[in-house]
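Worksheet for the structure shown next.
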Amino acid sequence: MSKIQAIRGMNDVLPEESPQWQYLESRIRHLMGTWAFQEIRFPVLEQTQLFKRSIGEVTDIVEKEMYTFEDRNGDSLTLRPEGTACCVRAADQHGLLYNQTRKLWYMGPMYRHERPQKGRYRQFNQLGVEAFGMAGVDIEAELLLMCAEFWRQLGLSDSVKLQINNLGSSGERARFGEALREYLLPRKAELDADSQRRLDSNVLRILDTKVPQTREILADAPVLGNYMGSGSIDGFSKLLEMLEACGLSWQLNPALVRGLDYYNGVVFEWTTDKLGAQGTVCAGGRYDGLSSQLGGTATPAVGFAMGIERLLLLMQETGSFPADISQQADIYLAVVGEGVQAQALQLAAMIRAALPSMRVLTHTGGGKYNSQLKKAFTSGARCAVILEGDSPQQTAKVKVLGDSGQSLELPLSDVVTWLDTFFGNEHEQKNS
């Protein structure tokens with residue numbers, strides 16, 4: 001009988017990898033707390049129409065990548081491919097958007113049926129940040145400064161660059177799209193296959209092409225800025241001035257349009273050259289029309305999303321993780337012989353209560369002294385506490401598992417005090 005394997009592109013996170021995930025997730029929660037954003041959670045399953053109406057029926061995500069199926073009631077359901085539409089749906093459904101402002105964040109798995117490769121998976125995790133009810137450029141600047149602060153905290157400031165563009169209003173964008181289509185139609189045969197398909201479905205996405213021949217054709221194409229009114233131009237200029245005043249550098253990228261239909265106004269990407277083709281680690285922009293597009297309350301909105309797996313890869317590539325993050329035990333409690341198992345569990349509880357940030361690994365399953373001591377060394381613990389069935393019932397051996405190899409026998413009542421002195425203030429620093 002063949003073994004059952006994980007679904008391709010849906011990866012396990014093993015115990016050796018978990019500390020990096022936990023570290024990054026803890027930094028995210030800390031950042032969101034200090035910026036006073038509130039967490040929201042919503043289901044991984046939504047009605048398929050939510051994504052068709054928000055992302056656009058002629059996008060790659062909806063046409064090719066969504067995990068969609070009919071349930072037993074005949075309803076079409078989809079595993080969420082992104083979080084913004086879900087957040088808008090949840091916020092509107094529960095009355096969070098009416099005549100108020102909201103700053104929200106979420107984190108969790110998304111699903112797209114893409115060809116798996118490094119940095120791109122079929123189940124992937126995202127951090128999403130969405131701000132509702134604020135139409136000014138100050139909230140756009142705040143989100144970009146939040147990103148910059150996050151990179152600083154992770155040690156990634158020198159590894160990412162901000163690219164930014166202005167899509168204008170939905171009407172300005174539509175007029176430009178028509179002009180671009182008229183320019184490209186006589187040259188359709190010269191375009192690459194993807195661009196030919198997008199010419200009829202999502203013409204602005206052609207601007208994002210990497211095909212050299214198509215890029216040459218676009219060199220003389222209409223320019224989006226020529227189709228914008230003074231309101232769009234002035235607002236974008238004000239945003240750039242605000243970023244400069246705050247010391248945040250940026251690069252204008254007229255080809256940046258984003259792949260989702262709901263964007264208008266400012267769009268941006270944080271990119272890196274450390275991850276090859278998967279160079280975008282954060283992306284977002286303004287989407288003022290999405291809520292009303294979904295039948296909800298009209299509200300200005302702006303947000304961004306970061307791929308957790310790509311951030312982990314980038315931090316691994318740049319060596320940005322602290323050296324001391326691990327799930328290794330600090331204290332290994334060995335239990336040798338019969339009659340002391342219950343006493344060992346009680347002692348472990350005492351140590352955990354007194355030193356709550358110390359990781360105590362209690363040996364279970366029996367075994368000889370040398371075997372347990374070997375496991376204590378391989379556990380990574382810095383010291384072992386050993387209870388033996390043939391020793392006096394109120395004493396324990398303590399052995400330092402480092403170069404000194406110090407070993408002593410203590411009354412049980414003194415073990416916690418000795419451990420507290422041995423680890424110094426380390427447990428207090430971990431707990432703070």
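Side-chain atoms are counted along with the backbone in the values below, which use heavy atoms only and exclude waters and symmetry mates. Note that the coordinates shown come from a computational prediction; the quantities given were computed from them, not determined experimentally.
Across every non-hydrogen atom of Phe304 and Cys282, the tightest pair is CD1-SG, 3.7 Å. The minimum heavy-atom distance between Ser157 and Ala148, with the atom names listed, is OG-O, 4.4 Å. Nearest heavy-atom pair across Leu104 and Cys87 is CD1-SG, 4.1 Å. The shortest heavy-atom contact between Ala90 and Ile40 is CB-CD1, 4.1 Å.
Other residues, nucleotides and ligands contribute over 12 non-hydrogen atoms within 6.0 Å of the CZ atom of Phe69. Open room surrounds CD on Gln47; 12 or fewer heavy atoms of other groups in view lie less than 6.0 Å from it. Surrounding CD1 of Ile7 are at most 12 heavy atoms belonging to other residues, nucleotides or ligands under 6.0 Å away. Enclosure of atom NZ in Lys238 is not indicated, since only 12 or fewer non-hydrogen atoms of other residues, nucleotides or ligands lie within 6.0 angstrom. Environment of CG in Asp158: sparse, with no more than 12 heavy atoms of neighbouring residues, nucleotides or ligands closer than 6.0 Å.
Between Tyr67 atom OH and Leu45 atom CG the span is 13.5 Å, to the nearest 0.5 Å. The structure places SG of Cys86 at 11.5 Å from CD of Gln93, a figure rounded to the nearest 0.5 Å. Taken from CG in Asp420 to CE in Met358, the straight-line distance is 9.5 Å, to the nearest 0.5 Å.
A cation-pi arrangement is present between Arg187 and Tyr183, with the terminal nitrogen or guanidinium carbon under 6.0 Å from the aromatic centre and inside a 45° cone about the axis.
Aromatic ring pairs are classed by plane angle as parallel below 30°, tilted from 30° to 60° and perpendicular above 60°; the pair Tyr23 and Phe321 is perpendicular.
At distances below 3.5 Å, at least one donor-acceptor pair connects side-chain atoms of Arg112 with backbone N or O atoms of Pro81. Counting only distance, with no hydrogens or angles, the side chain of Gln213 and the backbone of Glu190 share a donor-acceptor pair below 3.5 Å. Counting only distance, with no hydrogens or angles, the side chain of Thr272 and the backbone of Ser159 share a donor-acceptor pair below 3.5 Å. Under a 3.5 Å cut-off, the side chain of Glu172 and the backbone N or O of Leu224 do not form any donor-acceptor pair. Between the side chain of Asn125 and the backbone N or O of Ile308, no donor-acceptor pair lies under 3.5 Å. Between the side chain of Gln372 and the main chain of Gly367, a donor-acceptor pair closer than 3.5 Å is present.
Checking Arg53 against Gln49 by side-chain atom types alone, no donor-acceptor pair falls below 3.5 Å. Under 3.5 Å, the side chains of Glu130 and Tyr106 contain a donor-acceptor pair of N or O atoms.
By the 4.0 Å N-to-carboxylate-O rule, Arg181 lies close enough to Glu178 to be salt-bridged with it. We find that Arg120 and Glu114 are joined by a salt bridge, their nearest charged nitrogen and carboxylate oxygen being less than 4.0 Å apart. Between Arg382 and Asp330 no salt bridge is recorded (no basic side-chain N to carboxylate O distance below 4.0 Å).
In this structure, the side chains of Gln20 and Ile325 come closer than 4.5 Å at one or more pairs of heavy atoms.
Among Leu347, Val360, Val416, the single residue meeting the side-chain contact (heavy atoms from CB on, under 4.5 Å) criterion with Val385 is Leu347.
Between Trp35 and Trp105, a ring centre-to-centre spacing not shorter than 6.0 Å is recorded.
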